[in-house]
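One structure below.
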Amino acid sequence: MRRVGLLLALAAALAAGAAVATTQRVVGAISQNRISITGGFVGSEIFVYGAIARDRFPEDDADTLGIVVKVIGPAQPVTVRRKRRVNGVWINRESERIDSAPSFYAVAATGPLFETISHTEDIRHAVSLERHLRLVGAQGGADAREEFLEALVRLRREEGLYVQRPGGIELVEDVLFRTSFKLPSNIVEGVYRARVLLTRDREVIDMFEAEIGVRKEGLERLMFDASRQQPFFYALASIAIALGAGLLASEVFRLFRA
Amino acid sequence: MQIYLPIAEMSVNAPLVLGLGALVGMLSGLFGVGGGFLITPLLIFTGIPPAVAVATGANQLVASAFSGVLTHWRRRAVDVKMGLVLLAGGLLGSTFGVQLFAALRAAGQVELMVALSYVVFLGTVGAIMLVESLGALRRSGAAAPAPSRPRRGSTWLQALPLKMRFRESKLYASAIPPFVVGVGVGVLAALMGVGGGFIMVPAMIYLLGMPTSVVVGTSLFQILFLTAWTTMLHAVQNQTVDAMLAVLLIFSGAVGAQVGARLGIGLRGEQLRILLAVIVLAVCARMAVDLVATPAEPFSLAPAG
């Protein structure tokens, strides 16, 4: 469709003697489609890069164009708790269940987010973090809702799980763009979605999407699956390893003394 | 060098964890204690979730208890019958303890419960140990022999019904007190990720009136089965046993224990016990500070069930 549109636009432009506005597209790519969590996993970095393709040159549209890159991990419900002092001791008292929050969220743009994309387009394409946080009916009312959501965002930001980098994308020669996000070691498994939005005058005119599969592999996969699917045998194996190690230690100790 | 823990779902600094394991192993070799009461809080201080720290601590204790039992078994210093009575109580206690642990976890109160248990029990035991060994040191300094303690324990406890003969302990006494001690230790094992030796050994000497020669071997015998059972329950119920972490701790702990046992040869009993009491009280104090000090961040996150 897009290509047909482009051809039509091109044809129209030729017919009208170049009196028509330039058409822009975004061409994007990500550095990897798969992240394996194995023994030495310390996190990973994904690069999102690409170019703005135009149907003709020279262009004078750079001021109006913007790029927004978003990477989002699987959503999960989260409980946020707040400690209160009770008889001198700090105890978890209030809690709110946030029905859905992304386990990882990163966004970068060529400028401040809402100078790059309009609020209407944000609603349509669910770009900002607020669009991904769902808390239906906070127990403590509206104030609590705000406070607990803020706490969630703050804690996840400190862990490197929520990243917001307005102005974090540089356009090279008004054509090339590149950005990268660090995924910390405590990310959850699942499908992560990367999305590149090309905007003109804060309206989305084109987008590119890709998926990244994050999965434990090898021994880590085996151990995790065993602990969830066969907890009884997992426990037997854990105990057997401990007994074997205990026996070994005792024998080695005897050998030393003899 | 980082290593990824598949159950805790985070990566930790491998030399740090190995160092902790070796340190605690060394202390346990030095003092003849299991070290569970040290490893669990230390793991928590390094950022490992308390639920994983407690369950994995139990798994690690299986190894150190087994190695200890083998040594004492060869010296015939294990009262199997007494151990089984303690164990019967222990299994009941830890089964209840793991249920309680799961309920507290759902209510977001595990950290509090673990910390409170540590402060109360470590504080009490550490203080008693310190006072007593300081007293012993002063007495020995005055060159007066320590008065021999009546070894028979409280007679009304032994006179309860369900009397049994414990040959190795040279006792003919009721099975109820050791059973109750076992229950208490079982609950603690599940809640705190400890073997419970630090509670059980004094209870065996002062409440049950057992001779000191069989106390350590018998308590290790009970701890071996109790921690294995606790590991099983935590793995099945809470899925919080991290085998990767356990292996790191077991091997570094075994090496540390040998070093500790060698270091301990040249030191006197009272001095060792004072040192142990100071360490116990320090862990207790750190936990207590965390309970009462205003936290930098009052909010915390947990996966919603």
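Convention: sequence-line order gives letters A, B, ...; per-chain numbering from 1. Every value quoted in this text rests on a predicted model; they were computed, and no experiment measured them.
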Between [X] and chain B, with a heavy-atom cut-off of 4.5 Å, which part of the residue counts as in contact: side chain, backbone, both or neither?
X: A/T38; answer: backbone
X: A/E94; answer: neither
X: A/F224; answer: both
X: A/R228; answer: both
X: A/R82; answer: both
X: A/Q76; answer: neither
X: A/L236; answer: both

Quick check on [X] against chain A: is it the side chain, the backbone, both or neither that has a heavy atom closer than 4.5 Å?
X: B/S300; value: both
X: B/I250; value: side chain
X: B/A107; value: backbone
X: B/T294; value: both

| request: Check whether any side-chain N or O of B/E9 sits under 3.5 Å from a backbone N or O of A/V188 as a donor-acceptor pair, and report yes or no. | output: no

| said: I'd like to know if the side chain of A/W90 and the backbone of B/L291 have a donor-acceptor N/O pair within less than 3.5 Å. | reply: no

